[in-house]
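Index from 1, following the sequence.
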Amino acid sequence: MRSIRAAAVGAVTMSLALAATACGGGSSTGGGSNDSPKTLTYWASNQGASIAIDKKVLQPELDKFKKQTGITVKLEVVPWSDLLNRILTATTSGQGPDVLNIGNTWSASLQATGAFLPWNAANFAKIGGKDRFVDSALGSTGAVGKDPAAVPLYSMAYALYYNKQIFADAGIAQPPATWAELVADGKKIEAKGKQVLGAEGANVSENIHHTFVFAKQHGADFFTADGKADFTNDGVVAAVKQYVDLMAKDKVIPVGNAEYAQNQSVSDFAKGRTAMLMWQSASANLKSQGMSDSAYGIAPIPVQSGTPGTGAQVNSMVAGINLAVFKNTNNLDGSTKFVKFMTSDAEQKILNTAYSSIPPVKAAQEDTAFNTPANSVLKNTLATSAAALPQVADESQFETAVGTAVKNLFADAAAGRAVTTASVKAELEKAQQQMPAK
């Protein structure tokens, strides 16, 4: 999620368990009220190329909301590197915004703090009903069996972006559909003096997104059915090794990418240095860096064999941004109206167009504006071959622990140290030891 995806949030995520026990009902003042009906505060995540661009996108819409309702929205765009820490502080102090964006992978973890308005049937009815949203987006709004802690706002999926000219120069007629094909294509690309596949090896969230998909393709999960960490099962070990081996063994990820954590792989791709990139809804980011949309193609992320689908054919996590309300808000009615406004068909078209994301609202998603070739790949992935990251209370700790393990393994690969099944398992064992005891 950072600029359209969550950034690495570091060790702060380990404080979630403390936040959950400290905040009780989610604030120092209890439930919400309508004591301040004419104003509300909104923390928006940094979705665009800069905070200034986000303000340029959002402020006209907030002005529109004020014209419709008389409610002034005080906007703060928060960088992803700060967002989770700010949220956790607000859950314990009771001093936070009324409405905020959250990365959808955090939904269950933040739900466990008890600080957020639950979206039960009555609350969904106030914004037009739960059935307005696509199922894949609803799958990342909180723990199974509980009322969602947030409402989908922007949806994204991973796709394989490939440079058409580099492929043509290497004599490659079509993008790879399997990992074996990608590795074989890599040899042709390297022979022409280009890098093959970009990655963000030092970004823990990016590492989680990809290893989650590899685990699915190996028929494995990181958690047991009852929510216990299970990072060292054979399928997970094989999955992590296959991903890191793209650098360590197959040589398709450049060793320098082991240190990438701030979208450098996107810049390399935009500048024609790298032939392929696995990214979420990258079009706006690439355009902002001067790359024409005619210069690249978009295809599904590869699978082991066959075609993308469910189970072992999953090829993306369900990516996206959700909208949550602090339940101690002083403008409960206004906050609900704001969520309704932001998820209305009209606003969904405007906002998701601005951010090159996919509307999680069915009617908006069906609009012709989202029927471009690029969006067709992303929509089809979300509908048929994407899976939600584990919706468990310890998800944020999982991202940090396992994502760091993968980061360490990439560092080993870059330094020429052997990445073996044993070394992968050892890193994952250390990661599992960092998880809260059950």
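- Counting only N and O atoms by type, the side chains of Asn331 and Ser36 include no donor and acceptor under 3.5 Å apart.
- Among Val151, Leu323, Asp147, the single residue meeting the side chain to side chain contact (heavy atoms under 4.5 Å, CB included) criterion with Trp119 is Val151.
- Counting heavy atoms from C-beta outward, Phe338 and Ile71 have side chains that stay 4.5 Å or more apart.
- Ion pairing between Asp82 and Arg86 fails under the 4.0 Å rule for side-chain N and carboxylate O.
- The shortest side-chain heavy-atom distance between Tyr260 and Asp268 falls under the 4.5 Å cut-off.
- Side-chain contact between Thr141 and Asn322: present, with at least one pair of heavy atoms (C-beta onward) separated by less than 4.5 Å.
- Rounded to the nearest 0.5 angstrom, Glu259 CD and Phe410 CZ are separated by 13.0 Å.
- Of all heavy-atom pairs between Val237 and Thr232, the closest is CG2-O, 3.7 Å.
- When all heavy atoms of Pro97 and Phe326 are compared, the pair lying nearest together is O-CD1, 3.4 Å.
- By the 6.0 Å contact criterion, NZ on Lys64 is enclosed, its count of non-hydrogen atoms from other residues, nucleotides or ligands being greater than 12.
- For Asp345 and Arg132, the salt-bridge test passes: some basic side-chain N is under 4.0 Å from an acidic carboxylate O.
- Side chain of Ser385 to main chain of Thr310: no donor-acceptor pair is present (N/O by atom type, distance under 3.5 Å, no hydrogens or angles).
- Relative ring orientation between Phe231 and Phe223 is described as perpendicular, the plane-to-plane angle rising above 60° on a 0-90° scale split at 30° and 60°.
- In this structure, Ala387 and Lys216 approach most closely via the heavy-atom pair CB-CE, 4.3 Å.
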